[in-house]
Visitor: 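Pasting in a structure now, in structure tokens, and then I'll have a few things to ask.
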Amino acid sequence: MFQEELLRWYKQNARKLVFRQKKEAYSIWVSEIMAQQTRIEAMLPYFERFIERYPNLKSLAQAEDDDLVKIWQGLGYYNRVRNMKRCAIQCVEQFQGQFPKTKKELCKLPGIGEYTAGAIASIAFDEKVSAVDGNVIRVFSRFYHITDDVSQMSTKKKITELVNASLTEPISDYNQALMELGALVCIPKNPRCAACPIQKECQSYAYGDADSLPVLAKKKPRRVENPTFYIWVCQDKIHLKKRSQKGLLAGLFGFDETLPEAVEEKRSLEPYTHIFSHVEWHMKGIVCFVKEKSEDFYSLSQIHDKVSIPSAFQPFLKQTEKIIKEREKCQKSL
DNA sequence: AACGCGGGGCC
DNA sequence: GGCCCAGCGTT
């Protein structure tokens with residue numbers, strides 16, 4: 001049985017991650033949502049800020065939407081944080097401000113699926129259930145040499161059955177150990193089999209083809225778009241428009257895609273290509289200086305403090321900032 | 001079952 | 001330049 005070796009390895013080699021310090025459902029939940037499709041190192045600074053700003057379900061339930069999105073700025077998949085607020089409200093209203101304590105009940109909450117429910121239930125409440133994420137899929141597909149396409153539901157189900165049959169206590173450590181092994185040793189490329197505590201029983205190691213697993217369906221090509229953004233500027237302020245609540249970067253702030261009415265001066269920006277996972281934006285940017293300031297113009301410090309601007313717009317924002325500052329200097333010297 | 005949804009680090 | 005990450009909700 002590999003479990004004993006795995007648990008021993010975990011005790012020795014687990015990273016000291018901040019969200020492992022406390023066995024509290026709230027912080028486990030926050031870390032799990034943040035870690036969805038996101039590397040741990042990328043989400044750590046966000047985690048600390050988030051817990052400080054919203055220390056519990058109640059404070060999160062009362063959060064301002066704009067503040068929430070701002071604190072998430074740059075993490076991506078912004079619906080995660082909106083679902084977190086919905087989840088917090090539901091816990092406050094239905095469960096006296098606590099999480100329900102079983103995987104089954106957790107699964108019903110917004111933003112919590114099979115994996116996250118299993119992670120919270122096992123890590124925070126010691127329920128003996130699985131938490132099958134991408135790491136665990138990879139570890140098991142190699143360990144049992146599963147050559148089916150793991151993006152297929154049927155394959156995930158098959159692997160989940162194997163994981164369920166393997167569950168060992170302490171379950172909190174076991175589930176995290178599987179993930180940690182996937183994150184540190186059984187990594188996607190160039191797996192470090194020499195350092196693997198369960199190498200002896202690993203079928204792919206025996207075959208010598210661990211690096212060819214798991215088998216994943218080809219991704220379809222990205223769609224390409226060529227948007228032009230008009231950055232309306234009045235003196236030192238920039239116009240920002242809240243994007244539609246649906247689609248890409250929903251509800252975040254961005255630049256206009258229409259010309260303003262009376263343009264005093266135009267400056268073209270250096271084009272920039274932003275790659276999303278499923279879309280490619282070849283962006284053109286034109287700074288338009290306007291005389292009349294309507295609503296929704298923000299100073300650079302306001303933008304920095306309050307407004308959530310996705311990464312796609314940061315290069316144009318920086319360029320615009322530079323142009324504004326140069327222009328100020330110019331006008332002073334006159 | 002397939003698709004939409006971000007961003008970044010690593011090879 | 002592609003891959004893939006402590007996935008979930010919608011269609």
Side-chain angles (χ1 to χ4, degrees), chain A residues 14-15 17-20 27-47 69 72-84 86-87 106-120 122-124 130-139 149-157 160 163 172 175-184 186-191 211 213-223 225 243-252 254 273-281 308-315:
Chain A
R15 292 167 291 179
L17 302 169
V18 282
F19 50 83
R20 288 206 184 113
S27 50
I28 302 292
W29 171 61
V30 173
S31 71
E32 292 301 341
I33 302 289
M34 275 190 182
Q36 288 169 8
Q37 296 295 287
T38 307
R39 287 171 207 289
I40 297 296
E41 304 79 56
M43 83 10 114
L44 286 177
Y46 286 85
F47 176 78
V69 177
W72 209 263
Q73 173 189 321
L75 254 190
Y77 290 148
Y78 297 90
N79 267 336
R80 290 185 289 177
V81 75
R82 300 200 178 92
N83 283 333
M84 283 176 84
R86 291 176 52 212
C87 179
L106 286 162
C107 248
K108 296 178 187 167
L109 292 166
I112 300 185
E114 282 285 323
Y115 163 72
T116 306
I120 299 171
S122 63
I123 299 172
S130 62
V132 180
D133 72 336
N135 287 308
V136 181
I137 296 274
R138 186 170 54 255
V139 169
D149 174 6
V150 297
S151 54
Q152 288 298 310
M153 213 52 202
S154 54
T155 312
K156 281 184 192 162
K157 223 169 162 179
T160 300
V163 177
S172 166
N175 280 341
Q176 293 187 79
L178 282 177
M179 293 190 267
E180 195 75 345
L181 187 72
L184 299 182
C186 197
I187 50 183
K189 285 180 184 164
N190 306 319
D211 60 329
L213 294 176
V215 175
L216 215 59
K218 272 230 179 71
K219 302 221 164 109
K220 68 171 202 181
R222 286 188 287 264
R223 78 173 181 267
E225 294 178 1
R243 296 171 58 80
S244 139
Q245 292 295 329
K246 280 188 178 168
L248 197 52
L249 305 176
L252 279 78
T273 296
H274 191 82
I275 309 288
F276 300 93
S277 44
H278 57 301
V279 187
E280 203 170 308
W281 271 4
S308 46
I309 301 189
S311 299
F313 297 120
Q314 297 292 346

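Throughout, protein chains are lettered first and strands after them, A, B, ... in sequence-line order, and every chain is numbered starting at 1. Everything numeric in this text was worked out from a predicted model, so none of it was measured.
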Visitor: Using distance alone, with no hydrogens and no angle criterion, decide if A/Arg20 and A/Gln176 have a side-chain donor and acceptor under 3.5 Å apart.
Guide: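 A donor-acceptor contact under 3.5 Å links the two side chains.
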Visitor: Considering residues at least two apart in sequence or located in another chain, which fulfil the side chain to side chain donor-acceptor pair (under 3.5 Å) criterion with A/Ser151?
Guide: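 Checked A/Ser151 against side chain to side chain donor-acceptor pair (under 3.5 Å); matches are A/Asp149.
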Visitor: Please determine if a side-chain N or O atom of A/Arg82 lies less than 4.0 Å away from the OP1 or OP2 oxygen of B/dC5.
Guide: no
Visitor: Name the nucleic acid region contacted by A/Leu109, choosing base, sugar-phosphate or nothing; use a 4.0 angstrom heavy-atom cut-off, strictly under.
Guide: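 Sugar-phosphate contact only - A/Leu109 comes under 4.0 Å of backbone atoms but never of a base.
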Visitor: Give the first and the last nucleotide of DNA chain C, reading 5' to 3', that has any atom under 4.0 Å from a heavy atom of chain A.
Guide: C/dG2 to C/dG9
Visitor: Verify the distance criterion only: is there a donor paired with an acceptor across the side chains of A/Tyr115 and A/Glu32 at less than 3.5 Å?
Guide: yes
Visitor: Do A/Arg80 and A/Asn83 have side-chain N/O donor and acceptor atoms under 3.5 Å apart?
Guide: no
Visitor: So, do A/Val136 and A/Met179 sit near enough that their side-chain heavy atoms are less than 4.5 Å apart?
Guide: yes
Visitor: Return the minimal non-hydrogen interatomic distance between A/Ser31 and A/Ile28, and the atom names on each side.
Guide: OG-O, 2.7 Å
Visitor: Could you give the CZ-to-P distance, from A/Phe276 to B/dG8, as a whole number of Å?
Guide: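 Value for this atom pair: 10 Å.
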Visitor: Given the structure, check if the side chain of A/Ser311 and the base of B/dG6 hold any donor-acceptor pair shorter than 3.5 Å.
Guide: no
Visitor: Indicate whether OP1 or OP2 belonging to B/dG7 is found under 4.0 Å from a side-chain N or O atom of A/His274.
Guide: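 For B/dG7, OP1 or OP2 has a side-chain N or O of A/His274 closer than 4.0 Å.
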Visitor: Tell me every residue that passes side chain to side chain donor-acceptor pair (under 3.5 Å) with A/Glu225, counting only those two or more places apart in sequence or in another chain.
Guide: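 A/Glu225 satisfies side chain to side chain donor-acceptor pair (under 3.5 Å) with A/Arg223, A/Trp281 once adjacent residues are dropped.
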Visitor: Hey, does A/Thr116 reach any base, or is it just sugar-phosphate, or nothing, if we go heavy atoms under 4.0 Å?
Guide: sugar-phosphate
Visitor: Quick one: is B/dG4 close enough that its OP1 or OP2 comes under 4.0 Å of any side-chain N or O from A/His278?
Guide: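 For A/His278, the contact criterion (side-chain N or O under 4.0 Å from OP1 or OP2 of B/dG4) is not met.
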Visitor: Write down the atom of A/Gln314, the atom of A/Ile309, and the distance for their closest heavy-atom approach.
Guide: NE2-O, 3.0 Å
Visitor: How close or far is atom P of B/dG4 from atom CD of A/Gln37, stated in whole angstroms?
Guide: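 Result: 15 Å.
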Visitor: Roughly how many Å apart are C/dT11 and B/dG6, using the P atom of each and rounding to a whole number?
Guide: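 Here B/dG6 and C/dT11 have their P atoms 15 Å from each other.
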Visitor: What's the CH2-P distance between A/Trp281 and B/dG6, to the nearest Å?
Guide: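 For the pair A/Trp281 CH2 and B/dG6 P, the rounded distance is 9 Å.
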Visitor: If you assign A/Ala250 and A/Lys189 each to the DNA chain B nucleotide with the nearest heavy atom, which residue ends up on the more 5' nucleotide?
Guide: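 Its nearest nucleotide lies further toward 5', so the answer is A/Ala250.
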Visitor: Between A/Arg15 and A/Lys218, just flag the one whose closest nucleotide in DNA chain C comes earlier from the 5' side.
Guide: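 Its nearest nucleotide being more 5', the pick is A/Lys218.
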Visitor: Using a cut-off of less than 4.0 Å, is there contact between a side-chain N or O of A/Gln152 and OP1 or OP2 of B/dA2?
Guide: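 Yes, A/Gln152 has a side-chain N/O under 4.0 Å of OP1/OP2 on B/dA2.
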Visitor: Between B/dC3 and C/dA6, how far is it from one P atom to the other, in whole Å?
Guide: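 Between the two P atoms, the distance is 24 Å.
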Visitor: Within this structure, what is the CD-to-C1' distance between A/Glu225 and B/dG6, rounded to whole angstrom?
Guide: 14 Å
Visitor: Need to verify one output field. Residue with the more 5' nearest nucleotide on DNA chain C, A/Ile33 or A/Pro214?
Guide: A/Pro214
Visitor: How close or far is atom C1' of B/dG7 from atom CD of A/Glu41, stated in whole angstroms?
Guide: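 So the CD-C1' distance, A/Glu41 to B/dG7, works out to 14 Å.
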Visitor: Reckon A/Met179 touches a base, only the sugar-phosphate, or nothing at all at heavy-atom distances under 4.0 Å?
Guide: base
Visitor: For A/Phe47, report the nucleic acid contact type (base, sugar-phosphate, nothing); a contact means any heavy atom under 4.0 Å.
Guide: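 Contact class for A/Phe47: none.
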Visitor: Have a look at A/Arg138 and say if it touches a base, only the backbone sugar-phosphate, or nothing, with a 4.0 Å heavy-atom cut-off.
Guide: sugar-phosphate
Visitor: To the nearest Å, give me how far apart CZ (A/Arg80) and P (B/dG6) are.
Guide: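 Roughly 10 Å, once rounded to whole Å.
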Visitor: If you assign A/Ser154 and A/Asn79 each to the DNA chain B nucleotide with the nearest heavy atom, which residue ends up on the more 5' nucleotide?
Guide: A/Ser154
Visitor: Between B/dG6 atom P and A/Phe313 atom CZ, what is the distance in whole Å?
Guide: 11 Å
Visitor: So do the side chains of A/Leu249 and A/Phe313 get within less than 4.5 Å of each other, counting heavy atoms only?
Guide: yes
Visitor: Considering every strand and a 4.0 Å limit on heavy-atom distances, what is the contact class for A/Gly247: base, sugar-phosphate, or nothing?
Guide: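 Touches sugar-phosphate only.
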Visitor: Rounded to whole Å, how long is the line connecting atom CD of A/Gln36 with atom P of B/dG7?
Guide: 16 Å
